Amino acid sequence: MYLLAFVGACVLVAMAPGVSTAIIMRQTLRAGRGSGLAATLGNKTGILLWGLAAAFGLSALVVASQLAYDVMRVTGAVVLVVMGAQALWQARKPAPVTAAEGEAVTSHRGAYLAGLGTCLANPKAAVFAMSFLPQFVPAGQDVPFTLATLAVVWVLVDVLWYALLIWAVALAKDWLGRPAVKRRLEQISGVVLIGLGVRMAVESR
């Protein structure tokens, strides 16, 4: 029963728009489903690492150390603002006609690192993992093992949700791929990313 409740909570968390959604949707719109899935895998690798850190008490170091928290917060904010500025700059350029295979691989690698970096540089993810996962550990269970299992389930639910989102975006590819629409979406994603970065920079614990 606790696992069903946890899965339901994970679905609600995944559906809430935030940094992860902005990064994954931007990569999908820029370079297609492969790039979106790469960003998803990168982001969920970060989530898994934070979940495992929570299982073994490592996330508590981030929570306990104000300096570590602030360094991560500012780093994450800078990453988001830079990505937002890149999106706005990209919106000014004409869309490329084709992408070579090597460029596609590079794009996937960059998308994966973007997803991973924005997650690992977000101290809120560490705090959330510490507060979210322990609520679903039944009394009498092996806590580290159960937390690690829940972290894996959390990642699987997230991957499924974002795969559905990416698939939905792919269905609208003909309309979303039009140069004018693509430029407008780049502008919107740029503003959103910069806004998220500024919010991360100024907000406290």
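Not measured: the values here are computed from a predicted model. Residue numbers start at 1 and run along the sequence shown.
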Closest non-hydrogen atom pair between [X] and [Y], with its separation:
{"X": "Cys119", "Y": "Gly46", "value": "SG-C, 3.4 Å"}
{"X": "Ala38", "Y": "Ala111", "value": "CB-CB, 4.0 Å"}
{"X": "Gly51", "Y": "Ala151", "value": "CA-CB, 3.8 Å"}
{"X": "Ala16", "Y": "Thr21", "value": "O-OG1, 4.1 Å"}
{"X": "Ile194", "Y": "Val81", "value": "CG1-O, 3.9 Å"}
{"X": "Ala39", "Y": "Gln27", "value": "CB-CG, 3.8 Å"}

Would you indicate whether the side-chain heavy atoms of [Y] and [X] approach each other to under 4.5 Å?
{"X": "Lys44", "Y": "Ser20", "answer": "yes"}
{"X": "Leu48", "Y": "Trp154", "answer": "no"}
{"X": "Cys10", "Y": "Trp161", "answer": "no"}
{"X": "Leu3", "Y": "Leu150", "answer": "yes"}
{"X": "Phe128", "Y": "Val13", "answer": "yes"}

- Query: Just by distance, with hydrogens left out, do Tyr112 and Thr45 show a side-chain donor and acceptor under 3.5 Å apart?
  - Reply: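 A pair is found: one side chain offers a donor N or O, the other an acceptor, under 3.5 Å apart.
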
Hydrophobic clustering (ILVMFWY, side-chain heavy atoms < 4.5 Å, transitive) - are [Y] and [X] grouped together?
{"X": "Leu29", "Y": "Leu164", "answer": "no"}
{"X": "Leu160", "Y": "Met25", "answer": "no"}
{"X": "Leu12", "Y": "Leu165", "answer": "no"}

- Evaluate the criterion side-chain contact (heavy atoms from CB on, under 4.5 Å) for residue pair Phe6 and Leu133; output intermediate values, then yes/no. CA-CA 9 Å; Phe6 178 70; Leu133 295 177; 3.6 Å; yes

- Message: What's the separation between atom OH in Tyr162 and atom CD1 in Ile23, rounded to the nearest 0.5 Å?
- Response: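 Taking OH in Tyr162 and CD1 in Ile23, the distance rounds to 10.5 Å.
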
- Task: Rounded to the nearest 0.5 Å, what's the gap from CD1 on Ile166 to CZ on Arg33? Could you check?
- Result: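 Separation between the atoms: 9.5 Å.
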
- Message: I'd like to know if the side chain of Thr118 and the backbone of Gly115 have a donor-acceptor N/O pair within less than 3.5 Å.
- Response: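 Answer holds: yes.
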
- Would Phe132 and Trp50 count as a close aromatic pair, with their ring centres under 6.0 Å?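 Not under 6.0 Å, so no.
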
- Message: So if I apply the side-chain contact (heavy atoms from CB on, under 4.5 Å) rule between Val155 and each of Leu49, Leu41, Asn43, Ile47, which one comes out positive?
- Response: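 Among Leu49, Leu41, Asn43, Ile47, the one meeting side-chain contact (heavy atoms from CB on, under 4.5 Å) with Val155 is Ile47.
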
